[in-house]
Amino acid sequence: MLLADDQRGGRRLARIASLTTAVVLVVLCAALGYADGTGLFAPENWLDAGFVPGNATSPAWATVVFLPLLIGGGAVAVHRLVRAAAPGARARWVFGAVWSSLILVAFLAKLAYSVLLLAIAGPAGLHIFPTVGALLAECGLTGAKYAVFGPLVAGLTASAYRIGVWRLRRKSGEGGRVNEVGEGAEGRKAEEGGKAETGGKAVEVAEAGERGRRTECAPGTSRARLDSVAGFAWL
C-alpha cells in the first residue's frame, strides 16, 4: 500500500480498537455494577451510588467522574497506542497494550476521583501520611481489578483489530488486482496501437514501391513503341 493508504488504515484501525474498548467497558461496568451490590469486584456500584450527586460526599460522584474518566481515558489511550503502532502490528501486541493501558488508566482515574473528593471534603481532620496511604491503596485495588478484567476487554479489542486488519488487506488486494487489470488493458491497447502503426507504415512502403515500379515501367514502354514505329517506317 501507499503511505497515504497506510495512514488511513492506521487511523481506521485505531478508531476500531478505541470504539471496541469503550463499548466493552460500558457493558462491563453496567453488568458488574448491577450484579455486584458490594462494589468489591465491580468497577463501580452505580446502582446504589446513583447518577446525580446530592451532596459533597455523595457516592454518585463516582458515577459522574470516575466512570467517564475510566471509559473515555481507556478509549483515548488505546487509540493513541494503536495509532502510534507500526502498520500491521500483531493482534497479540494490541492485546498486551490494551491490557496494560487499562490498568494504568484505571489507577489514574481512581486517583483523580479520590483527589476530587478530598478537595470537596476539605483537609480538616486529615493526616497526610495515612491519607496518602489510603489513597494509594484504593487506587491500587482499582488497578488490580482491571488486571483481572483487562484480558476480557483486551481480547475483544484485539479480535476487532485483527478483523479490521484482515478487511484492510482484503480491500488492498482487490485494489491491486483492479490496478493490474487496468494496466494490462492499457498495455494491450498500446500493443495493438503499435501493431496498427507498423501495419500502416508497411502499407505506405508497399504503395511507394508500387508507384516507383510504375514510374520505371512507363518510360520503357514508350521507347518500345517508338522502336516499333521506326522499324515499320524503315520497311
Residue pairs meeting side-chain hydrogen bond (donor to acceptor under 3.5 Å, both in side chains), one or both in residues 21-32, sequence neighbours left out, come to T21-T157
Cut-off 3.5 Å, no hydrogens considered: what does the side-chain donor-acceptor table look like for residues 123-144, sequence neighbours left out?
unit_1, atom_1, unit_2, atom_2, d
T131, OG1, H127, O, 2.6
T142, OG1, E138, O, 3.1

Would you mind reporting whether L102 and L25 have side-chain heavy atoms less than 4.5 Å apart? yes
All N/O donor-acceptor pairs, side-chain side in residues 109-119, below 3.5 Å, sequence neighbours left out:
unit_1, atom_1, unit_2, atom_2, d
S114, OG, K110, O, 2.8

Would you please name every residue forming a ring-ring contact (aromatic ring centres under 6.0 Å, His included) with F107, sequence neighbours left out? none
Tell me if a side-chain donor or acceptor on Y161 pairs with a main-chain N or O of A14 at a distance below 3.5 Å. no
Connected via hydrophobic side-chain network under 4.5 Å: L32 and L152: yes
Minimum-distance pair of heavy atoms, taken over all atoms of L81 and S101: CD1-CB, 3.7 Å
Can you hop from I16 to W166 via hydrophobic side chains spaced under 4.5 Å? no
Let me check something: do L28 and V98 share a hydrophobic cluster, defined by ILVMFWY side-chain heavy atoms less than 4.5 Å apart, either directly or through other members? yes
Using every non-hydrogen atom in the two residues, find where V82 and A17 come nearest and quote the distance to one decimal. CG2-CB, 3.9 Å
Could you tell me if the side chain of L104 sits less than 4.5 Å from the side chain of Y146, heavy atoms only? no
When rounded to the nearest 0.5 Å, the distance separating NZ of K145 from CD1 of I103 is 14.0 Å
Those residues at least two apart in sequence (or on a different chain) that pass side chain to side chain contact (heavy atoms under 4.5 Å, CB included) with V24 are T20, V153, L156
May I ask whether W93 and L168 are part of the same hydrophobic cluster, defined by side-chain heavy atoms of I, L, V, M, F, W, Y residues being less than 4.5 angstrom apart, directly or through others? yes
Got a sec, which residues hit side chain to side chain contact (heavy atoms under 4.5 Å, CB included) with P151, two or more places apart in sequence or on another chain? F95, W99
Check residues 63-80 and write down every donor-acceptor pair under 3.5 Å in which the side-chain atom is one partner and the other belongs to a residue at least two apart or another chain.
unit_1, atom_1, unit_2, atom_2, d
T63, OG1, G50, O, 2.8

